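Encoded as structure tokens, the structure appears first; notes follow it.
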Amino acid sequence: MFTGIITDMGRLAELHHGDSLRARIETVYDMSTVDLGASIACDGCCLTVVEVGPNWFDVEISAESISKTNIGDWQVDKRVNLERALKVGDELGGHIVSGHVDGVAEVVKIEEDGGSTRVTLRAPEALAKYIAPKGSVALNGTSLTVNEVEGCDFGINFIPHTKQVTTWGGVAVGQRINLEIDTLARYVARLREWD
């Protein structure tokens, strides 16, 4: 489990394609405190650490994960949002995030709004019903509050701090973004199916 509070922007140092995709990610994390098999959210995807070095870790990514996320767009030198798994007793500053990406949204509009940036994204139609004004979403692993919703489009407002400490400072129209809907919304919808 994660909170959606990004604690590092890693850099994709290597990508190796085989039966699965193996990625080496450089980080400022103290890798002596990360066990093999640990989970790290990489742009919102919960991935398993399979090897570590002094300032890097490797993950293996299945074809299933690639098909449901924007990982297929990854290239060497790309920056990715990182968050280590939540520990019992940690502060829950964002919202409960599983790291199980539901689909990919697309950035359709970016506007400067005072000191912040307003970004409009388009969710896949099957996921749009789970997104509500003032609800939570995780976008590329970042816990965010939805401002408004119109059909499949929804708006997010980014303050300067968020743009500085995450990859959101370099967002562009057309970019594909990992979307995880709020866990509570998922369960409420499932319960309604039984009414």
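What you see is a predicted model, and the numbers here were worked out from it, not measured in a lab.
- Annotation: the span from Ile5 atom CD1 to Thr166 atom OG1 amounts to 10.5 Å, rounded to 0.5 Å.
- Annotation: the span from Thr120 atom OG1 to Lys109 atom NZ amounts to 5.5 Å, rounded to 0.5 Å.
- In this structure, Arg79 and Arg11 approach most closely via the heavy-atom pair NH1-CB, 3.4 Å.
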Derivation of the side-chain contact (heavy atoms from CB on, under 4.5 Å) call for Val171 and Val119: CA-CA 9 Å; Val171 68; Val119 176; 4.3 Å; yes

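- Residues Ser116 and Asn157 have side chains that bring a donor and an acceptor to within less than 3.5 angstrom of each other.
- Side-chain N/O atoms of Trp56 and Thr27 include no donor and acceptor closer than 3.5 Å.
- Asn178 and Asn70 form a side-chain donor-acceptor contact under 3.5 Å, judged by distance and modelled atom types alone.
- Side-chain contact between Cys42 and Ile25 is present, with at least one heavy-atom pair separated by less than 4.5 Å.
- Separation of atoms CD (Glu83) and CD1 (Ile40) is listed at 10.5 Å; rounding is to 0.5 Å.
- In this structure, CG in Asn140 is found 4.5 Å from CD1 in Ile177, a value given to the nearest 0.5 Å.
- Atom CZ of Arg122 has 12 or fewer heavy atoms from other residues, nucleotides or ligands within 6.0 Å.
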Trace of the side-chain contact (heavy atoms from CB on, under 4.5 Å) decision for Val59 with Val50: CA-CA 5 Å; Val59 292; Val50 297; 5.6 Å; no

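- Once rounded to the nearest 0.5 Å, the distance linking OG1 of Thr3 with CG of Leu86 reads 6.5 Å.
- The environment of Glu125 atom CD is sparse: at most 12 non-hydrogen atoms of other residues, nucleotides or ligands sit within 6.0 angstrom.
- Using a 4.0 Å cut-off between charged nitrogen and carboxylate oxygen, Arg84 and Asp8 do not count as a salt-bridge pair.
- Between the side chains of Glu112 and Thr117, at least one donor N or O sits under 3.5 Å from an acceptor N or O.
- No salt bridge links Arg118 with Glu111; every basic N to acidic carboxylate O contact stays at or beyond 4.0 Å.
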Criterion side-chain contact (heavy atoms from CB on, under 4.5 Å) on Trp168 and Asn81, from CA distance to verdict: CA-CA 9 Å; Trp168 286 102; Asn81 293 323; 4.2 Å; yes

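- Note: Ser39 OG to Leu47 CG = 8.5 Å, rounded to the nearest 0.5 Å.
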Salt bridge (charged side-chain N to carboxylate O under 4.0 Å, His left out) between Glu51 and Arg22, intermediate numbers included: CA-CA 10 Å; Glu51 189 175 347; Arg22 187 172 178 125; 2.6 Å; yes

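- Side-chain contact check for Leu179 versus Val137: some heavy-atom pair is nearer than 4.5 Å.
- No more than 12 heavy atoms of other residues, nucleotides or ligands shown are found within 6.0 angstrom of CG on Asp19.
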Check: residues 92-101 side-chain donor-acceptor pairs under 3.5 Å, at least two apart:
unit_1	atom_1	unit_2	atom_2	d
His95	ND1	Ser143	OG	2.7
Ser98	OG	His100	N	3.1
Ser98	OG	Glu180	OE2	3.0

